[in-house]
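First up is the structure itself, then whatever we jot down about it.
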Number of protein chains: 2
Amino acid sequence: MTKKEISSRNKDQSMQKLIDAVSTIILRDGFKGIGINAIAKEANLDKVLIYRYFDGLNGLLREFAKQKDFYINISNLIQDEIENAQKHELKNLIAKVLKEQLRGLRDNKELQELMLWEMVEKNELTDAIAKEREEKGYELSSKLKEKMDLNNNESDAVMAILVSGIYYLVLRSRTVDVFNGISLNSEKGWQQIENAIQMIVNTYFDSIKN
Amino acid sequence: MTKKEISSRNKDQSMQKLIDAVSTIILRDGFKGIGINAIAKEANLDKVLIYRYFDGLNGLLREFAKQKDFYINISNLIQDEIENAQKHELKNLIAKVLKEQLRGLRDNKELQELMLWEMVEKNELTDAIAKEREEKGYELSSKLKEKMDLNNNESDAVMAILVSGIYYLVLRSRTVDVFNGISLNSEKGWQQIENAIQMIVNTYFDSIKN
DNA sequence: ATTTTATATCACTAACTGGTGACAAATATA
DNA sequence: TATATTTGTCACCAGTTAGTGATATAAAAT
């Protein structure tokens, strides 16, 4: 063990402490808690280091985002399923993808906070993350469309509504318990949502198959 | 004209100035702009009056909300239509209600800001407004369900997703231009969304009619 | 062992926040 | 006209924010 590794004076280690502090604050206080002073305090380091090592808050957030994957990943399993799916199976696959998005976002509080942040104000970080998600999401959406031989744009709008609905319900569940009679803090409520997603997808894509 | 009416010293007038300032700030800067100092400055009055006349910011916001109607009103016309509708017409009526919600929210920037505020933090004002909307919304939803002889809860969840989708898309359009390939800053894009709503409602409610 | 460099802390600024007590001026009441 | 009340302004407080220049100290290089 070299001196540097055990030392309290270690740039890399300090940088990581600052990055970790961002995560800690987001999980504990939400995106509103993010700030130069709060981060430095949480990391037990002086705030001047944020300017020195990251050239300010934006730079730090950029590094923070780099270390996380803030795109809701469609599992490779499903990617393959899509690739090899027969046309008639795709309907169920779409529902499956949507449900995975729902669960993925529900399980990822950091991402929830960032998505909320995106909605409230534009900044370098939120723009970058949103852009990446839009691209990957539309890519997936297009692939599904292609596989189903759809050339209309109606299904894009249908998917937009469903994904948006999922986003809103998860984000709203942070601060409210019931939406349109559906409980947003119980598994039962989310099961109802998942069933509804399945039904909408079934009925819509059945209708356009003809 | 009495002395009081032309005077610059008029409590009622000052109170109204403060209430109006809240509105002005929300429209110009969003809910983030709301604050004791900013409101006083906007109203050209001293902030101490907010404490004296409204017992603080919460009281002022309460009066502000009282003067506005922050529930997206379903027009009386549609209320009547629902009341007198035949069962087979209700499907179209549901789509119509949803589209009216979309347009209503799009046209109401103040409400957009308040809904965003609701998602970010709980406070007296946002709780009250959200509660009212939940109640009125579920009431309408229940009436439609009753008229259609639906006793399952699936349609509640389906409606929840559709309404949520509408909310998210409108709120997101404040800070982003494209969502899943759909333009959120052009009439064309919103027309696609409306069409998709119509299609989802048609195909879903057709399927459960049997 | 001495100097140089890298790392981190400290102490401060200026601008902002919500909040309050003392005062001034206009109006109403006697 | 004299007094009381209402209405509004001012000046300050303590706490927070982002940002910076000077300084201390640990480690590396000579």
Side-chain angles (χ1 to χ4, degrees), chain A residues 1-22 24-26 28-64 117 120-126, chain B residues 1-22 24-26 28-64 117 120-126:
Chain A
M1 209 174 202
T2 72
K3 215 166 184 178
K4 189 166 191 177
E5 281 172 290
I6 58 166
S7 168
S8 63
R9 297 213 160 194
N10 182 323
K11 185 178 176 180
D12 289 345
Q13 187 180 292
S14 294
M15 288 176 83
Q16 193 55 48
K17 271 191 190 171
L18 289 167
I19 293 172
D20 292 343
V22 172
T24 304
I25 291 173
I26 287 181
R28 191 188 55 217
D29 310 320
F31 75 88
K32 281 191 318 167
I34 294 297
I36 291 283
N37 292 310
I39 293 168
K41 190 178 179 185
E42 180 65 38
N44 270 311
L45 289 168
D46 198 279
K47 62 179 167 181
V48 81
L49 300 183
I50 297 173
Y51 296 101
R52 209 172 286 164
Y53 294 155
F54 300 98
D55 198 32
L57 184 57
N58 268 344
L60 171 56
L61 294 178
R62 205 159 28 225
E63 291 306 310
F64 162 74
W117 202 358
V120 174
E121 58 185 350
K122 290 177 81 69
N123 65 45
E124 205 186 310
L125 174 66
T126 59
Chain B
M1 209 174 203
T2 73
K3 216 168 186 178
K4 188 165 191 177
E5 281 174 288
I6 57 164
S7 168
S8 64
R9 296 212 161 195
N10 182 324
K11 185 178 177 181
D12 290 344
Q13 187 179 292
S14 293
M15 289 176 83
Q16 193 56 47
K17 272 190 189 171
L18 289 166
I19 293 171
D20 292 343
V22 172
T24 303
I25 291 173
I26 287 181
R28 192 189 54 217
D29 310 322
F31 73 90
K32 281 191 317 166
I34 294 298
I36 292 282
N37 291 311
I39 293 169
K41 189 178 178 186
E42 180 64 38
N44 270 310
L45 288 167
D46 198 279
K47 61 180 167 182
V48 83
L49 299 184
I50 296 173
Y51 297 100
R52 210 175 284 166
Y53 295 155
F54 300 97
D55 197 34
L57 184 57
N58 266 345
L60 172 55
L61 294 178
R62 209 163 21 232
E63 291 307 310
F64 162 75
W117 202 358
V120 174
E121 60 185 349
K122 289 176 82 69
N123 65 45
E124 203 187 310
L125 174 65
T126 60

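Worth saying up front: this structure is predicted, and the values here are computed from it rather than measured. Labels below follow one simple rule: chain letters A, B, ... track the order of the sequence lines, proteins then strands, and each chain is numbered from 1.
- Not counting sequence neighbours, the partners of A/Lys32 by the side chain to side chain donor-acceptor pair (under 3.5 Å) test are B/Glu121.
- Going from atom OG1 of A/Thr24 over to atom CD1 of A/Ile19 covers 12.0 Å, rounded to the nearest 0.5 Å.
- Nearest nucleotide to the side chain of B/Tyr51, out of C/dT9, C/dA26, C/dG19: C/dG19.
- One atom, CG of A/Asp46, and another, P of D/dT23, lie 16 Å apart when rounded to the nearest Å.
- In this structure, CD1 of B/Ile50 is placed 10 Å from C1' of C/dG18, rounded to the nearest angstrom.
- Protein atom CD of A/Gln16 is 13 Å distant from nucleotide atom P of C/dA8, rounded to whole Å.
- Going from atom CG of B/Asp12 over to atom P of C/dT27 covers 15 Å, rounded to whole Å.
- One interatomic measurement links the two molecules: CZ of B/Arg9 to C1' of C/dA25, which rounds to 5 Å at whole-angstrom precision.
- Rounded to whole Å, atom P of C/dT27 lies 12 Å from atom CD of B/Gln13.
- If you measure from atom NZ of A/Lys11 to atom P of C/dT5, you get 16 Å, rounded to the nearest angstrom.
- A donor N or O paired with an acceptor N or O is not found under 3.5 Å between the base of C/dT7 and the side-chain atoms of A/Arg52.
- For the segment residues 28-43 of chain B, no residue has any heavy atom less than 4.0 angstrom from an atom of DNA chain D.
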Pairs of donor and acceptor atoms involving the side chains of residues 47-60 of chain B, under 3.5 Å and at least two apart or interchain, shall be tabulated with distances.
| residue | atom | partner | partner atom | Å |
| --- | --- | --- | --- | --- |
| B/Lys47 | NZ | B/Asn37 | OD1 | 2.9 |
| B/Asn58 | ND2 | B/Glu124 | OE1 | 3.4 |

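- Taking only side-chain nitrogens and oxygens, B/Ser14 never comes nearer than 4.0 Å to OP1 or OP2 of D/dT7.
- Every residue two or more places apart in sequence or in another chain that forms a side chain to side chain donor-acceptor pair (under 3.5 Å) with B/Asp20 is listed here: B/Gln16.
- For A/Tyr53, the listed nucleotide lying nearest its side chain is C/dT7; candidates were C/dT7, C/dT20, C/dT9.
- In this structure A/Asp29 satisfies the side chain to side chain donor-acceptor pair (under 3.5 Å) test with no other residue, sequence neighbours excluded.
- In this structure, CD1 on B/Ile26 lies 4.0 Å from CD1 on B/Ile34, to the nearest 0.5 angstrom.
- When the P atom of D/dT17 is taken as reference, atom CG of A/Leu57 falls 12 Å away, rounded to whole Å.
- A/Glu63 pairs by the side chain to side chain donor-acceptor pair (under 3.5 Å) definition with A/Lys66, not counting sequence neighbours.
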